[in-house]
Enquirer: 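One structure, as structure tokens, below. Some questions next.
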There are 2 protein chains.
Amino acid sequence: MSAPLTVGVDIGGTKVAAGLVDGQGRVHAFERASTPHRSTEPRVVEDVVVEVVQALLNQAANQGMPVAAVGVGAAGFVAADRATVTFAPHLSWRGEPLRDRLQQRLSLPISVDNDANAAAWAEYRFGAGRGHARLVTLTLGTGIGGAIVMDGRVERGQHGMAGEFGHMIMVPQGRRCECGNRGCWEQYASGNVLQREGQALTRAGGPFAAELERRSAGRPAAVSGSIVTEAALAGDPAAQELLAEVGRWLGLGLANLAAALDPGCIVIGGGVIAAGDLILDPAREEMARNLPGRGHRPVAPIVAAELGPRAGLIGAADLGRQDFLRSQQQRQGEGQ
Amino acid sequence: MSAPLTVGVDIGGTKVAAGLVDGQGRVHAFERASTPHRSTEPRVVEDVVVEVVQALLNQAANQGMPVAAVGVGAAGFVAADRATVTFAPHLSWRGEPLRDRLQQRLSLPISVDNDANAAAWAEYRFGAGRGHARLVTLTLGTGIGGAIVMDGRVERGQHGMAGEFGHMIMVPQGRRCECGNRGCWEQYASGNVLQREGQALTRAGGPFAAELERRSAGRPAAVSGSIVTEAALAGDPAAQELLAEVGRWLGLGLANLAAALDPGCIVIGGGVIAAGDLILDPAREEMARNLPGRGHRPVAPIVAAELGPRAGLIGAADLGRQDFLRSQQQRQGEGQ
């Protein structure tokens, strides 16, 4: 049986993106819609999801392409049953039975997973992590999103909460984090840090910050992570230093993950990765320097994610496909 | 088929312990011998292993009990092929083909694993981790030994080096570690730390250290981890404070492991665990306080290991049994 088409849905804090995806991870059609603010009813986000999925199913039907299943990646904690969203910080979901809700409104089999797991799965199957049965992925954005592929399967943990790397504590009694704790890794290595430090440097003024000042038209609050990245790529030493600093904190935390998990490859995604080796090289150096057994062990490569912002929906679609194929096999096994 | 008897061997830095173990993890016969110092030939340690295994096989033969396989747990990095010891800090092995060497001298199938993996497997199958498919185990001794059971199997990592928790960096630019890095977790939470801090406190003198001074006959260098533990169990507030401090560092690191791996249970072994809740309660509090999503998530229990110093050989024997049964099944499958 050739791999069937599936729909992948990526539910973020501000938008829903969905695509019609084939067995090679290619996106044949794409839909996107904004999600309402977190204060609204859970049902409203469901409506948006059903809408974009139906639009894709209609397109597929018009072209005579059968669709086998729908895979959903959601920005929140998904329980180990892979049916319930325990908690979604940017949506109004608390113990939301997402799979059943969608199942009532869509006639195809539904799979639900965490969005970071979905993106990691995509990079493992079709992206920068191809061929590595043990993979750690990080997405650097507001914070650090993370996921683990071990032995060729997504490792979700006992309660579906594995991969919360951003809140590993890197500096005891360090910077306060939005999670309420102090010293979390994402307070030292994320897109937000780049923005925070870029603004602080610009506010401090001085000739070293001249280029960032120019690019933000003299308004420190206008300095964003992407302004820092652009300045660095254009050769500004101050911006490059900020990226290197974030890169070193990234590498230090990755050394800890490598000590614990010994992955074959580490994939880094998110907007910051536009800086390429300006952030990855310092991360590589710092990781190698802080690995246990350094000198006596292979060092996992740190590579940039390849699939960009569509990784989540591509991975969700493929996880939906895997679940569908497994249930088909089980049915055939029972039929014998 | 009832589970066959196997021999389990635990190769440490200073001794080899071995036992004849049944399918319920019970040890029916036990042998123990010293290993020569690290400067000697690898062959000498092999001789010791072969000797204790033969002694056990003779005992089994005399009682008419057939033995199916030999499982070995070794204190060193075992490559992903589970045949070669890449590096053993306390033995003279560098790239030692241990499985083949033993195979040439013993007529039973041989399995090789890292000793911490073997001990973790024993606690998972027969000890404090029973019923938890996702388990993290730590052994607090000179440093921190660690291992991971995920989805009901030992997670060894891509290069057989997973579970090196003791060298996760907890304090950037912190205390120098023997591994050459700084701020490693085992510099803050281990049996050695208890000894180091106990000695420092005693050396500082003062009425707070009176009980430790008495127990070490006024010689600070004589304060050991077990002296501190005994004093704490007898009610000495200074010793209790030292245990609580180590416990809090333990809990902080465990919060990081729980953030990354989301285990169902955490098992702590090693000599320090004689202190029981005097160390585990502070660890539990500190872990709960530093978990991401605290208040919105289940918290994995932290429990004391149950199998003591024989865990390594019991686990090695059981891993040998699992490998043997798997190869039997494969052979039967091919015979059909």
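Here is the naming used below: chain letters follow the sequence lines, and residue numbers restart at 1 for every chain. Only a predicted model underlies this, so the values are computations on that prediction, with no experimental measurement involved.
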Enquirer: Which heavy atom in N117(B) sits nearest to a heavy atom in D113(B), and how many Å separate them?
Expert: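 For N117(B) versus D113(B), the nearest heavy atoms are ND2-OD1, 2.9 Å.
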Enquirer: Under the salt bridge (Lys or Arg N to Asp or Glu O under 4.0 Å) definition, can you give me all pairs with a residue in residues 163-184 of chain A, not counting sequence neighbours?
Expert: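 The answer is R175(A)-E197(A).
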Enquirer: So which heavy atom on C184(A) is nearest to which on G166(A), and how close?
Expert: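 Answer, listing the atom of C184(A) first, then G166(A): CB-O, 3.4 Å.
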Enquirer: Who wins among R297(A), H167(A), R156(A), M170(A) for the most heavy-atom pairs under 4.5 Å with chain B?
Expert: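 The residue among R297(A), H167(A), R156(A), M170(A) with the greatest pair count is R297(A).
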Enquirer: With a 4.5 Å heavy-atom cut-off (strictly below), which parts of residues 76-86 of chain B touch chain A? List them by number.
Expert: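 At a heavy-atom separation under 4.5 Å, chain A is reached by T86(B).
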Enquirer: Quick one: which of L250(A), L280(A), L254(A) gives a side chain to side chain contact (heavy atoms under 4.5 Å, CB included) with I266(A)?
Expert: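 When L250(A), L280(A), L254(A) are each tested with I266(A), the side chain to side chain contact (heavy atoms under 4.5 Å, CB included) holds only for L254(A).
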Enquirer: Is chain B contacted by the side chain of R289(A), its backbone, both, or neither, given a heavy-atom distance below 4.5 Å?
Expert: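 Answer is backbone: N, CA, C or O of R289(A) sit under 4.5 Å from chain B.
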Enquirer: Does any part of the side chain of I268(B), heavy atoms only, come nearer than 4.5 Å to the side chain of I279(B), both counted from C-beta?
Expert: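 In short, these two side chains do not touch, never coming nearer than 4.5 Å.
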Enquirer: Shortest non-hydrogen contact from G143(B) to S190(B)?
Expert: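 Shortest heavy-atom separation between G143(B) and S190(B) comes out as O-CB, 3.7 Å.
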Enquirer: For S111(A), run the side chain to side chain contact (heavy atoms under 4.5 Å, CB included) check against L319(A), D318(A), D323(A) and tell me which one passes.
Expert: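 It is D323(A); the other options fail the test.
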Enquirer: For residues I302(B) and R284(B), report the shortest heavy-atom separation together with the two atoms involved.
Expert: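 Heavy atoms of I302(B) and R284(B) come nearest at O-NH2, 2.8 Å.
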Enquirer: Look up atom CG in L135(B) and atom CD in Q158(A), then write down how far apart they are to the nearest 0.5 Å.
Expert: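 Result: 10.0 Å between the selected atoms.
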Enquirer: Heavy-atom pairs under 4.5 Å with chain A are the metric here; pick the option from V136(B), I169(B), V171(B) that has the most.
Expert: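 Result: the option with the highest number of such pairs is I169(B).
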Enquirer: For each of F165(A), W185(A), F87(A), tally heavy-atom pairs with chain B at distances under 4.5 Å, and name the one with the top tally.
Expert: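 Max contact count across the listed options: F87(A).
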Enquirer: Examine whether an atom of L261(B) lies under 4.5 Å from a heavy atom of chain A, and if so say whether it belongs to the side chain, the backbone or both; otherwise answer neither.
Expert: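 Answer is both: backbone and side chain atoms of L261(B) are under 4.5 Å from chain A.
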Enquirer: Look at G146(B), C179(B), G163(B) and state which one has the largest set of heavy-atom pairs under 4.5 Å with chain A.
Expert: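 Counting heavy-atom pairs under 4.5 Å, the top option is G163(B).
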Enquirer: Quick one: closest heavy-atom pair of E123(A) and A305(A), and the distance?
Expert: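 Here E123(A) and A305(A) meet closest at OE2-CB, 3.4 Å.
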Enquirer: With a 4.5 angstrom heavy-atom cut-off, is it the side chain or the backbone of A260(A) that approaches chain B, or both, or neither?
Expert: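 Its backbone and side chain both get close to chain B.
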Enquirer: As an exercise: rank D151(A), I148(A), L291(A) by heavy-atom pairs under 4.5 Å with chain B and give me the winner.
Expert: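 Most heavy-atom pairs within the cutoff with chain B belong to D151(A).
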Enquirer: Any side-chain heavy atom of H132(B) within less than 4.5 Å of one from V267(B)?
Expert: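 Not touching, per the 4.5 Å side-chain cut-off.
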Enquirer: Pick one of side chain, backbone, both or neither for L252(A), based on which atoms fall under 4.5 Å of a heavy atom in chain B.
Expert: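 Contact with chain B: side chain only.
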Enquirer: What part of R153(B) gets closer than 4.5 Å to chain A, counting heavy atoms only: side chain, backbone, both or neither?
Expert: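 Side chain only.
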Enquirer: For the interface with chain B, which of G180(A), A147(A), G160(A), A162(A) has the highest count of heavy-atom pairs at distances below 4.5 Å?
Expert: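 Among G180(A), A147(A), G160(A), A162(A), the one with the most close pairs to chain B is A162(A).
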